[in-house]
Amino acid sequence: MNTFITSAFLAVIGIAAAPAAEAGELWRATGLEQPESALFDAIHKRIIVSNISGNPGDADGNGYLSVLSLDGKTVTQHWTDGMDAPKGMAISGGKLYVADITKVRVVDLASGKLIASITVPNAVFLNDMTSDQSGKVYVTDMLADAIYRIDGDRPELFVKNAMLASPNGVFADGDRLIVASWGKGIKPDFSTAEPGGLLSVNLSSKVVSPLPGAQKFADLDGVIAIGDTIYATAYMTGALYRYQAGAAPEAVAHFKPGSADIGTDGKSILYVPLMNQGEVAALQLD
């Protein structure tokens, strides 16, 4: 798996660069090391960034979390160390949960201290995370077509379904999870035999449903929702998509390849990690 992940990301770096997004861009934070996720912490009015700093599939101890101010300045470069390849994050009950290959790291949100590591049985490549209204936390397993749920410190398989098609991004939205699928048939260069799309998973029934008009259009990475609008990133092309029910997904910004798990303040700002550039971009929505 490690060789597969390495070749994939080396291939991505060689893709021709698309023009960087300019319209609506507020700032870019620089000096990060493979930033994969940018999470808005409303309680402390800051942005937490996960840095892979190495092979995304290697348990090498190089990964860490950084803290940015709301205007994109680095507050603390190494806020939380002791991780391998941290990716998606979620906040619940005063704790920060971080996906880290086959473990979920638990960090005290106030201090940044790493307080626990939860091993997720049978996990292959944990990726994005979210928390629902009851405080339960969910994490995607991209290479196993699965989503796990964590209640406190107890992980359990929530849903495993081929329809998830390499689930990457996940976002709790009321009574459902919105899932961004990378696609089916992942190749050595991380392209797919069939591109991914947007799905929903009912939290009660666990039924997986495609979102109308948003299937097989891109290898998707991060996803968030603001009101009735969904935003998703496509890692391989760097496109940022906007989707509303009844309409086709629309590319509203373009970055270089490597746009990863998207974050938001929940109102009008998006935070997009640009993994291959070591940057996080903040965008003001129309």
Side-chain angles (χ1 to χ4, degrees), residues 5 8-40 47-53 56 66 68 72 85-89 99 125 127-130 140 142 166-171 178-183 186 189-192 195-198 214 217-226 229-243 249-265 269-286:
I5 296 296
F9 280 82
L10 287 175
V12 168
I13 292 172
I15 297 175
E22 294 181 359
E25 188 166 315
L26 297 172
W27 49 257
R28 286 201 187 190
T30 61
L32 300 160
E33 296 184 272
Q34 292 170 276
E36 206 280 338
S37 186
L39 181 69
F40 176 70
I47 302 157
I48 303 171
V49 180
S50 60
N51 296 264
I52 291 175
S53 187
S66 298
L68 304 178
K87 301 176 182 69
M89 299 175 285
F125 192 74
N127 204 309
D128 198 15
M129 300 197 71
T130 190
T140 58
M142 181 179 174
S166 307
N168 193 320
V170 63
F171 186 83
I178 300 171
V179 178
S181 160
W182 191 281
I186 297 178
D189 66 354
F190 235 54
S191 64
T192 55
L198 295 171
F217 70 95
D219 299 324
L220 298 179
D221 196 305
V223 65
I224 60 96
I226 300 177
T229 303
I230 296 171
Y231 294 88
T233 51
Y235 186 98
M236 299 293 281
T237 64
L240 170 67
Y241 288 94
R242 177 174 59 200
Y243 168 78
E250 173 190 13
V252 294
H254 290 86
F255 300 94
K256 293 179 181 179
S259 54
D261 287 336
I262 189 172
T264 182
D265 67 351
I269 300 176
L270 302 182
Y271 304 105
V272 183
L274 307 176
M275 189 168 151
N276 295 334
Q277 297 171 254
E279 299 176 343
V280 171
L283 295 181
Q284 177 72 55
L285 299 176
D286 296 336

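Residues take their numbers from the sequence shown, with the count starting at 1.
Scored by the side chain to side chain contact (heavy atoms under 4.5 Å, CB included) test, Ser37 finds Ser50, Met89, Asp261 as partners (sequence neighbours excluded). Taking the side chain to side chain contact (heavy atoms under 4.5 Å, CB included) definition, one finds that Thr233 meets it with Asp221, Leu240, Ser259, Ile262, Val272, sequence neighbours left out. Under the ring pair (Phe, Tyr, Trp, His ring centres under 6.0 Å) criterion, Phe40 pairs with no residue, sequence neighbours left out.
Phe255 pairs with exactly one of Asn276, Leu283, Thr237 by the side-chain contact (heavy atoms from CB on, under 4.5 Å) rule, that one being Leu283.
Contact check for Ser181 versus Leu220: no side-chain heavy atoms found under the 4.5 Å cut-off. Residues Arg242 and Thr229 meet the side-chain proximity criterion, which asks for heavy atoms closer than 4.5 Å. Looking only at side-chain heavy atoms (C-beta outward), Asp128 and Met142 stay at 4.5 Å or farther from each other. Considering only heavy atoms from C-beta on, Val223 stays 4.5 Å or farther from Val179 through its side chain.
Rounded to the nearest 0.5 Å, atoms OH (Tyr271) and CD1 (Ile48) are 12.0 Å apart. Annotation: the span from Thr140 atom OG1 to Trp182 atom CH2 amounts to 11.5 Å, rounded to 0.5 Å. Residue Asn51 holds its CG atom at 5.0 Å from CG of Leu32, rounded to the nearest 0.5 Å. The CG atom of Leu198 sits 5.5 Å away from the CD1 atom of Ile230 when rounded to the nearest 0.5 Å. Atoms CD1 and CG, from Ile224 and Leu39 in turn, are 12.0 Å apart once rounded to the nearest 0.5 Å. The distance from the CD1 atom of Ile226 to the CG atom of Leu270 is 5.0 Å, given to the nearest 0.5 Å.
Closest approach of Glu36 and Ala260 over heavy atoms only: O-CB, 3.2 Å. Residues Pro35 and Pro273 approach most closely at O-CB, 3.4 Å, considering heavy atoms. The nearest pair of heavy atoms linking Met129 to Ala99 is SD-N, 3.3 Å. The two residues Thr264 and Ile269 come nearest to each other via the heavy atoms OG1-O, 2.8 Å. Between Ala218 and Tyr241, the shortest heavy-atom contact is CB-CE1, 3.9 Å. Minimum heavy-atom separation, Ser166 to Ile186: OG-CD1, 3.4 Å.
In this structure, Tyr235 has its ring center at least 6.0 angstrom away from the ring center of Phe190.
Judged by distance alone, the side chain of Lys87 and the main-chain N or O of Pro56 form a donor-acceptor pair under 3.5 Å. Looking at Thr30, its side chain never comes within 3.5 Å of a backbone N or O of Glu279 through a donor-acceptor pair.
For the residue pair Asp189 and Ser191, a side-chain donor N or O sits within less than 3.5 Å of a side-chain acceptor on the partner.
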